[in-house]
Amino acid sequence: MASAPAVLRSEWTKIRTVSSTVWTLASALVVTVAMGAALSALVRETFDEMRPVERATFDPTVVSFSGMLLGQLAMVVFGVLVVGTEYSSGMIRTSLAAVPQRAAFLFSKIAVAGALALLVGLATSFLSFFLGQALLGEHRTTIGDDNVLRAVVGGGLYMGLMAVFSMGVAAMLRSTVLSLGILVPFFFLVSQILSNVPKAKEVAEYFPDQAGSTITQVVPGALGSDPAPYSPWGGMGIMLLWVAASLVGGYLVLKRRDA
Amino acid sequence: MAVDHLSFQVRPGVVTGFLGPNGAGKSTTMRMVLGLDHPTGGSVRIDGRHYRELDEPLKYIGALLEARGLHGGRTAYNNLLCLAQSNRIPESRVSEVLELVGLTAVARRKPKGFSMGMGQRLGIAAALLGNPKILMFDEPVNGLDPEGIHWIRNLMKTLAAEGRTIFVSSHLMSEMALTADHLIVIGQGRLLADTSMADFIQRNSRAFVRLRSPQRERLLDALHGAGLAATEAGDGALEVDGATIEDVGDLAARHGITLHELSAQRASLEEAFMRMTAASVEYHAHSATGPQWSKEV
């Protein structure tokens with residue numbers, strides 16, 4: 001067997017020596033924080049114009065996380081590129097010649113990239129939260145309030161898991177272009193649209209993004225949305241099942257197919 | 001099926017050429033050695049072990065595959081560094097192999113801007129990284145300029161002289177004749193020959209006498225009378241196997257036959273290779289200007 005620390009080290013070198021790592025993770029952070037800040041400032045100005053139901057379920061934490069909808073796409077791109085470039089560059093053959101134990105290769109890569117995505121995700125959610133609350137003025141909440149810390153840590157976990165889910169999908173599809181072509185429209189359009197269509201909504205609630213992001217709500221049914229049929233951690237559990245499925249699928253494809 | 005019942009051994013200390021027409025299964029065979037492609041039956045072992053059972057395989061076997069296998073957006077140095085780290089090869093070795101292939105000056109540049117020859121050198125540096133005893137090169141001279149071809153030939157000979165096992169594929173017989181000591185020929189995934197290069201040349205490079213005469217019918221009779229078989233070349237000349245120019249010249253003089261040409265010829269190795277693989281080539285070019293085989297008269 002190849003030595004695990006050696007393979008982890010090698011995968012860390014792969015990640016830190018390409019520029020796409022820096023720009024995808026940096027844009028995940030910047031986009032999320034900036035959009036969250038802008039919307040928090042906007043909400044502060046327009047609070048009195050909100051519908052009564054939105055004011056009744058007002059959730060300052062969710063408002064400060066408004067940028068995640070867009071920022072998560074950068075996480076998806078990061079996850080896809082980490083795995084997909086092995087295939088698009090032809091590096092996969094060299095990588096597997098160096099580490100022929102395919103499980104060791106794939107899971108070392110995902111462990112390193114996933115840990116990095118998780119760290120950036122946590123930094124993103126904490127920054128978004130504190131900056132957003134500062135801009136919300138009198139409508140703000142604090143990290144010490146009930147369930148707020150859970151929502152902020154959960155937000156970071158959610159961002160990191162979006163990247164890991166995408167890594168599994170890219171390992172299954174073995175293509176950067178194909179993976180991005182499916183995941184980006186899915187999370188940005190399909191999931192968002194379906195969550196606003198009656199009936200379809202009941203299915204969309206179990207999509208990885210819808211289920212996982214429930215953890216960021218401090219107020220159930222925040223801002224007039226329908227309360228989810230599961231608890232915040234229950235939703236995170238559903239997302240984890242999706243992530244596990246994509247990783248198992250990715251591993252089986254890598255194991256069976258010729259490289 | 002790309003490869004069928006193919007079984008052979010490759011020995012250390014010599015360059016073993018792996019020859020076959022395009023689509024014969026050379027790359028597939030090499031990929032199966034590295035465990036990249038799975039054989040439907042049978043196995044490939046290196047010193048008795050499956051590739052995936054090797055600890056730090058880059059220290060046993062280095063390979064240059066046909067397609068580029070490195071990341072274009074990561075510097076040459078870092079591409080090699082992540083490979084070295086995965087097999088616990090000291091980082092100092094990265095600079096060593098870059099020096100060995102003459103890429104030190106571009107170590108910090110990204111391979112996407114490299115020429116074909118530089119890309120090939122970087123691939124060879126990656127193969128040499130673990131200082132392996134076994135090296136496999138898939139079509140290493142493809143697309144290289146004469147200087148690059150010359151460099152690779154010498155490198156392979158040097159590596160073999162150091163006692164390493166060198167296994168190199170090509171679809172060009174002429175290239176193999178210049179580099180390989182031993183030859184394995186396959187066609188449509190089957191073994192056609194497993195022989196030393198000297199033997200192959202001896203056996204397959206047909207020697208014959210080429211003749212032209214205005215008295216063609218009389219010459220044919222005379223040859224026939226002397227028990228020599230003549231075949232007709234495409235341009236009206238005759239080719240005689242199993243005789244020297246002296247034999248044929250004397251014979252013509254005895255019969256008073258005028259000769260316009262009398263020369264000793266050797267068929268090229270390329271021709272011998274084409275004849276050997278003709279039955280197994282998958283994609284024939286049906287062309288009137290293609291090689292014309294002499295027919296019995």
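Treat the numbers as computed from the prediction; the structure is a model and nothing was measured. Keep in mind that the numbers below use all heavy atoms, side chains included, and drop hydrogens, waters and symmetry copies. Letters A, B, ... are given to chains in the order of the sequence lines, protein chains preceding strands, and every chain is numbered from 1.
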Inset, instruction - Using the salt bridge (charged side-chain N to carboxylate O under 4.0 Å, His left out) rule, collect all pairs that involve residues 120-130 of chain B, keeping only residues at least two apart or in two chains. - result: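 For residues 120-130 of chain B: none.
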Inset, instruction - Supply the atom-to-atom distance A/Thr94 OG1 to B/Leu129 CG, rounded to the nearest 0.5 angstrom. - result: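 The OG1 atom of A/Thr94 sits 11.5 Å away from the CG atom of B/Leu129.
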Legend entry - Distance (rounded to the nearest 0.5 Å) between B/His71 NE2 and A/Glu86 CD: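 The NE2 atom of B/His71 sits 8.0 Å away from the CD atom of A/Glu86.
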Legend entry - For chain B, which residues of residues 11-18 of chain A have heavy atoms nearer than 4.5 angstrom: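 Heavy-atom contacts from residues 11-18 of chain A to chain B are A/Thr13, A/Lys14, A/Arg16, A/Thr17, A/Val18.
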Looking at every non-hydrogen atom in both residues, tell me the closest pair between [X] and [Y] and how far apart they are.
X: A/Pro100; Y: B/Pro57; value: CD-CG, 3.5 Å
X: B/His38; Y: A/Arg102; value: NE2-NH1, 3.8 Å
X: A/Ala98; Y: B/Tyr51; value: N-OH, 4.5 Å
X: A/Gln101; Y: B/Arg52; value: NE2-O, 2.9 Å

Inset, instruction - Answer yes or no: are there more than 12 heavy-atom neighbours, outside B/Lys157 itself, under 6.0 Å from its atom NZ? - result: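 Yes, enclosed.
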Legend entry - More than 12 heavy atoms of other groups within 6.0 Å of A/Arg9 CZ: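 Counting neighbours around CZ of A/Arg9, 12 or fewer heavy atoms of other residues, nucleotides or ligands fall under 6.0 Å, so no.
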Legend entry - Leading residue by heavy atom contact count with chain B [cutoff under 4.5 Å; candidates A/Ser89, A/Ser88, A/Ser95]: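 Of the options given, most contacts go to A/Ser89.
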Legend entry - Partners passing ring pair (Phe, Tyr, Trp, His ring centres under 6.0 Å) against A/Tyr251 (at least two apart in sequence or in another chain):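 A/Tyr251 satisfies ring pair (Phe, Tyr, Trp, His ring centres under 6.0 Å) with A/Phe107 once adjacent residues are dropped.
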Legend entry - Which residues share a ring pair (Phe, Tyr, Trp, His ring centres under 6.0 Å) with B/Phe167, sequence neighbours left out: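 B/Phe167 satisfies ring pair (Phe, Tyr, Trp, His ring centres under 6.0 Å) with B/Phe8, B/Phe18 once adjacent residues are dropped.
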